[in-house]
**Student:** 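One structure coming up, written as structure tokens, with questions to follow.
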Amino acid sequence: MVTLTIDGKKVTVRKLSTVLDAARKLNIPIPTLCHHPELSPYGGCRLCIIEIKDLARPVTACTTFAREGMEVITTSPYLEKLRKTTLELLLSDHPNDCMVCERAGDCTLQELAYFYDIRENRFVGEKRPFIKKDENPFVERAMEKCILCGQCVRVCDEIQGVGAIDFAYRGLKTKICPPFEKDLDCEFCGQCVAVCPTGALTGKMWAQKGRQQDVRTVDTVCPYCGCGCNISLHVRRNEVIRVSSKEDTINEGWLCAKGRFGYEFIHNSDRLTKPLIRISPKEGFEFSSQSPSFNPPPGKGGNGGVRSSPLTPHNSRFKEVSWDEAFDYIAKRLKEIKDSYGPDSIGGLSSARCTNEENFLFQKFIRAVIGTNNVDHCARY
Amino acid sequence: MRADIKIKVCMGPSGIATGGADVIEAFKNEINSIGKKAIIEERCSLHQVGCLGFCAKDVLVEVVVDGKKTIYEYVKPGMVSRIVKEHILEGNPVTEWIAGEEYYNFHKKQIKVVLSNCGEIDPEDINAYLAVGGYEAARMALTLMSPEEIVEVVKSSNLRGRGGAGFPTGLKWDLSLKIKSDVKYVICNGDEGDPGAFMDRSVMEGDPHSVIEGMIICAKAIGSHQGYIYVRAEYPLAVKRLQIAINQCYEAGLLGENILGTGFDFDLKIYQGAGAFVCGEATALMRSIEGKRGMPTPKLWRSAEKGLWEKPTVLNNVETFANIPRIILKGADWYSSLGTERSGGTKVFALTGKMKNAGLIEVPLGITLREIIYDIGGGIENGRAFKAVQTGGPSGGCIPAELLDIEVDYESLALVGSIMGSGGMVVLDETDCMVDIAKFFLEFTQAESCGKCIPCRVGTKRMLEILNRITVGNAKEGDIELLEELGQDIKVTSLCGLGLTAPNPVLSTIRYFRNEYEAHIKDKKCPAAVCKDLITFSILEEFCNGCGACKRACPADAIIGKRKKIHKIDPEPCIKCGTCFDVCKFNAIMKM
């Protein structure tokens with residue numbers, strides 16, 4: 001452990017912690033754009049410059065190890081002036097179209113421009129152009145907004161292990177792009193989108209769906225595989241418009257393509273929202289309910305994706321029932337089958353979109369209640 | 001018949017450019033036709049100015065008859081038959097073509113340490129190197145000296161990194177020696193990229209074995225078994241000669257396993273850089289060898305602790321390594337006595353620009369700029385006035401005439417706003433516009449910025465845009481102050497050496513030539529008449545005799561006038577190329 005003084009306050013941190021870590025521990029704000037706690041130190045944005053006693057030149061907090069007895073100053077008129085210059089430079093190469101930007105209100109650059117009160121810019125000049133390409137349905141790249149913090153490159157390489165993008169060119173022409181500037185063609189995990197501090201990388205499907213301030217977040221668990229990643233649904237007017245994940249979760253904020261972009265099923269018109277009982281077209285079936293047979297409205301298939309039609313062999317008819325009726329019917333039929341043909345004539349298939357607890361209960365039911373081991377699930381028991 | 005005649009023809013780039021190949025051919029034909037036997041060599045193959053000196057007088061030819069050396073300058077193929085006839089056959093050197101006093105003055109104040117073999121020995125022959133005491137130092141280091149002793153010698157020699165930053169080499173080795181690790185690396189930085197610099201190139205091309213020997217000694221000192229030489233691919237001859245040298249060393253048992261039977265192993269590989277200037281920066285260079293984009297990484301650790309592939313690494317410049325064998329052989333005291341108190345030894349400089357004797361020189365540290373420019377360089381050509389000397393390439397600054405008497409070492413150059421750098425020295429005269437010079441260097445650094453940190457990527461671009469405004473006459477009051485302020489901020493906030501020094505050419509020219517900047521902004525005039533948008537060409541009636549040379553030469557048909565009548569320049573179509581100015585023999589064209 002080492003003890004150092006930051007802005008007159010003493011703090012003890014583990015060895016090999018950076019000064020930035022130590023300052024964050026003390027809750028001292030130091031602006032950063034390229035830093036991410038889970039990624040390797042980068043030192044590109046130069047905003048976290050600090051002064052250390054006995055050092056001639058300011059250094060960046062994110063790339064300086066805390067040392068015993070170090071005396072650090074994180075803010076002074078000089079440091080703030082340097083930060084402001086850096087921000088001005090950055091904004092001089094930025095579209096500054098916050099009014100229509102997807103990330104407005106949720107953008108680190110915008111926030112810093114606000115706090116440093118940058119209304120006018122001393123530096124005006126050439127900006128990087130960007131020709132939009134990308135046919136993919138997931139990631140929107142507005143690279144003229146890119147501040148080259150490199151977080152997307154590092155997350156793709158260090159966390160995802162894909163390395164789909166990297167820096168290209170030099171000088172002001174520097175840009176981040178896939179190899180040979182081709183269209184983005186990766187696994188579309190969207191980790192780059194998650195770490196991007198500006199509006200350079202956003203989800204295509206959440207464009208114009210609502211900005212940060214009128215969105216409610218609901219924390220839940222990803223319904224896909226057994227990993228059980230924690231996700232946050234961004235809900236606007238009772239519609240999920242975006243999915244993200246927080247850093248202090250079991251999955252440390254990382255998600256895959258399914259978890260991040262695969263939420264459309266929630267509001268999909270094909271989704272079942274009430275129990276339906278299928279009526280065989282040949283036999284017909286008797287219900288305890290008095291309600292007449294039910295035809296799903298057009299578009300509400302519920303038939304494995306195959307639209308019901310009077311002309312197909314799958315010409316089923318559905319009857320909407322209450323949960324009680326549905327359960328009674330299931331229990332009755334399972335009992336009949338088990339009595340006539342034995343428990344091994346029954347098998348259970350569970351859904352990966354159920355939670356672990358639900359899946360546990362399901363296999364328990366099949367094994368203990370039905371009495372067979374014929375149970376499976378796409379992610380396997 | 002004994003071959004007692006040696007003819008050495010300079011085949012450096014300027015030797016080749018001035019027709020060296022034809023001269024060699026002419027000598028071969030001539031010698032064959034008279035039936036004498038002679039050894040004809042390409043002597044200064046590529047910039048080994050150490051010997052035949054200086055490119056300004058190419059093609060230089062050294063004729064040795066019975067051990068007596070004679071040097072001819074400005075040799076053309078047509079002169080060969082007379083040299084052969086009078087000198088070789090009759091024994092009377094052709095006096096009017098012999099190199100004059102200037103040639104000897106050029107060498108007078110130089111001390112050759114690093115360049116001592118350049119041009120003297122065949123760089124592609126290990127035996128030639130062995131014959132001049134080559135690999136003796138390595139043998140000493142491997143058999144007689146402990147790592148600590150080697151480090152101690154290097155430390156007390158006061159040798160400092162010749163790449164530009166001037167970190168004490170012994171200290172660097174010491175740090176690495178003290179770190180325990182099974183794997184350590186030695187890297188030689190041959191990624192010389194400054195415009196106008198060719199020091200490392202000359203050493204790699206002229207004496208590659210000295211670099212390899214230096215690296216072997218370093219490897220022994222720190223306990224490394226793998227080395228890399230990082231050379232830019234734009235130096236194909238250096239790559240070729242280094243590879244030949246490395247192959248010869250493997251054959252001779254000087255590299256590989258069990259070197260010279262001492263049980264010490266050291267492997268050496270060449271890694272070719274793809275031509276990014278920033279890869280000369282230590283961390284970017286190491287990332288490049290690792291196969292990543294050559295981009296500087298933050299120095300959480302020193303390279304001596306975690307460098308290449310996170311292993312302890314010593315990275316030194318070509319010239320630094322080339323110094324090592326000589327230091328080991330001749331001793332630290334000898335070396336440190338050559339330089340100043342704080343910086344020992346000699347330094348190679350590439351002397352270019354508006355000087356009479358351009359070329360590659362090696363001088364003891366502590367020599368004054370005046371001695372370099374006037375005594376060695378022979379002063380400014382065409383009798384013009386000296387204006388400034390730019391040292392340290394795009395990271396350095398411009399030093400004006402009034403500071404010519406400062407000593408050349410790391411500290412005093414830094415004090416006047418420049419740097420030692422790797423050794424580029426560009427001399428500027430009164431026809432150079434300082435704003436234009438600053439713009440040239442900033443254009444270079446801006447284009448070569450890796451793009452990682454904001455001050456360098458965007459800041460240098462904005463500075464360049466302001467300079468552009470100044471040179472086209474669109475600047476406004478306060479632009480100089482804005483340049484200064486931005487430059488100072490970039491010098492503090494940038495990540496690596498490239499950004500930290502990029503504003504130097506601008507800041508130093510503002511510091512010493514502020515009036516030139518002001519003339520551009522306030523009077524919309526370029527005092528040196530360089531910035532096209534601020535100058536006009538006109539014909540002085542009293543000097544024009546209507547010869548029509550300018551009219552014929554003008555590519556834009558902007559000159560009107562009848563033969564034998566006074567001509568005029570039409571400013572509309574004039575593209576300000578300056579051709580008329582150059583062709584007029586009567587000084588009738590005025591540029592202002």
Side-chain angles (χ1 to χ4, degrees), chain A residues 16 18-19 33-35 40-49 51 56-65 78-79 81-94 121-128 146-150 153 157 163 166-176, chain B residues 274-279 283-284 287 291-302 305 442-466 468-469 478-479 481-483 485-496 498-500 502:
Chain A
L16 302 187
T18 62
V19 175
L33 277 169
C34 67
H35 177 76
S40 61
Y42 189 68
C45 75
R46 316 309 289 169
L47 288 173
C48 67
I49 45 167
E51 279 172 336
R57 197 164 62 79
V59 293
T60 44
C62 69
T63 61
T64 308
F65 284 134
Y78 179 57
L79 285 177
K81 182 211 147 212
L82 291 176
R83 285 178 188 148
K84 191 169 176 176
T85 303
T86 305
L87 275 171
E88 276 181 287
L89 288 172
L90 199 47
L91 291 169
S92 74
D93 184 31
H94 193 80
N121 201 328
R122 290 177 293 161
F123 311 112
V124 185
E126 190 190 327
K127 294 182 180 187
R128 286 164 299 158
C146 173
I147 55 166
L148 293 160
C149 69
V153 175
D157 178 29
D166 206 337
F167 291 84
Y169 298 95
R170 279 177 245 158
L172 194 78
K173 295 192 189 88
T174 313
K175 61 170 99 170
I176 289 167
Chain B
F277 176 66
V278 74
C279 284
T283 55
R287 298 298 87 75
K292 296 175 181 153
R293 176 178 163 94
M295 214 149 75
T297 41
K299 281 187 177 156
L300 277 155
W301 305 93
R302 286 173 188 277
E305 297 166 301
L442 205 62
E443 255 167 19
F444 178 83
T445 33
Q446 156 60 28
E448 291 294 339
S449 161
C450 79
K452 182 169 181 172
C453 76
I454 299 158
C456 179
R457 180 182 77 233
V458 193
T460 55
K461 178 73 183 175
R462 298 294 170 251
M463 284 181 80
L464 182 61
E465 284 166 345
I466 299 172
N468 266 330
R469 285 212 297 265
D479 270 353
E481 289 72 21
L482 189 61
L483 265 181
E485 200 183 336
L486 179 54
Q488 292 297 351
D489 288 356
I490 294 172
K491 274 184 83 161
V492 173
T493 50
S494 290
L495 169 67
C496 80
L498 195 155
L500 290 170

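Order of the sequence lines sets the chain letters (A, B, ...), proteins ahead of strands, with each chain counted from 1. Every value quoted in this text rests on a predicted model; they were computed, and no experiment measured them.
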**Student:** Heavy-atom cut-off 4.5 Å, strictly under: side chain, backbone, both or neither for B:Ser494 against chain A?
**Tutor:**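 It is the backbone, since no side chain atom gets that close.
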
**Student:** Side chains of A:Leu16 and B:Leu300: closer than 4.5 Å at any heavy-atom pair?
**Tutor:**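 No, side chains not in contact.
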
**Student:** Sort A:Arg122 into side chain, backbone, both or neither according to what part of it lies under 4.5 angstrom from a heavy atom of chain B.
**Tutor:** both

**Student:** Can you tell which part of A:Thr64 gets under 4.5 Å to a heavy atom of chain B, answering side chain, backbone, both or neither?
**Tutor:** backbone

**Student:** Counting heavy-atom pairs under 4.5 Å to chain B, which of A:Cys45, A:Pro41, A:Ser92, A:Pro58 comes out on top?
**Tutor:** A:Ser92

**Student:** I'd like to know if B:Lys292 pairs up with A:Asp166 as an ion pair, taking the criterion as any Lys NZ or Arg NE/NH1/NH2 lying under 4.0 Å from an Asp or Glu carboxylate oxygen.
**Tutor:**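 So B:Lys292 does not pair with A:Asp166 through a salt bridge.
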
**Student:** When rounded to the nearest 0.5 angstrom, what is the spacing between OG1 in A:Thr86 and CD1 in B:Ile490?
**Tutor:**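 So the OG1 of A:Thr86 and the CD1 of B:Ile490 are separated by 9.0 Å.
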
**Student:** Need one label for B:Ile454: side chain, backbone, both or neither, based on atoms under 4.5 Å from any heavy atom in chain A.
**Tutor:**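 Contact with chain A is through both the backbone and side chain of B:Ile454.
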
**Student:** Which pairs pass salt bridge (charged side-chain N to carboxylate O under 4.0 Å, His left out) with one or both residues in residues 445-463 of chain B, sequence neighbours excluded?
**Tutor:**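 Counting only pairs at least two positions apart or across chains, the salt bridge (charged side-chain N to carboxylate O under 4.0 Å, His left out) contacts touching residues 445-463 of chain B are A:Glu126-B:Lys461, A:Arg170-B:Glu448, B:Arg462-B:Glu465.
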
**Student:** For atom CZ of A:Phe65, decide whether the heavy atoms of other residues, nucleotides or ligands shown that lie under 6.0 angstrom number more than 12.
**Tutor:**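 Result for CZ/A:Phe65: enclosed.
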
**Student:** Give, for atom OH of A:Tyr42 and atom SG of B:Cys453, the distance between the pair rounded to the nearest 0.5 Å.
**Tutor:**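 One finds 9.0 Å between OH of A:Tyr42 and SG of B:Cys453.
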
**Student:** Within a 6.0 Å radius of atom CZ on B:Arg293, are there more than 12 heavy atoms belonging to other residues, nucleotides or ligands?
**Tutor:** yes

**Student:** Measuring heavy-atom distances to chain B, does A:Val124 have an atom under 4.5 Å in its side chain, in its backbone, in both, or in neither?
**Tutor:** backbone

**Student:** Give, as side chain, backbone, both or neither, the part of B:Phe444 having an atom under 4.5 angstrom from any heavy atom of chain A.
**Tutor:**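 No part of B:Phe444 comes within 4.5 Å of chain A.
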
**Student:** Find the distance between CE (B:Met463) and CZ (A:Phe123) and round it off to the nearest 0.5 Å.
**Tutor:**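 Answer for the CE-CZ pair, B:Met463 versus A:Phe123, is 9.5 Å.
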
**Student:** For B:Thr493, which atoms come within 4.5 Å of any heavy atom of chain A: side chain, backbone, both, or neither?
**Tutor:**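 Contact with chain A is through both the backbone and side chain of B:Thr493.
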
**Student:** What part of A:Thr174 is in contact with chain B, defined as an atom under 4.5 angstrom from a non-hydrogen atom: side chain, backbone, both or neither?
**Tutor:**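 Only the side chain of A:Thr174 comes within 4.5 Å of chain B.
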
**Student:** For B:Pro298 versus A:Thr63, what's the shortest heavy-atom pair and its separation?
**Tutor:**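 Looking at all heavy atoms of both residues, the shortest contact is CB-CG2, 3.1 Å.
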
**Student:** Give, as side chain, backbone, both or neither, the part of A:Ile49 having an atom under 4.5 angstrom from any heavy atom of chain B.
**Tutor:**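 The side chain, not the backbone.
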
**Student:** With a 4.5 angstrom heavy-atom cut-off, could you sort out which part of B:Leu500 is near chain A: side chain, backbone, both or neither?
**Tutor:**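 When you check distances to chain A, only side chain atoms of B:Leu500 fall under 4.5 Å.
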
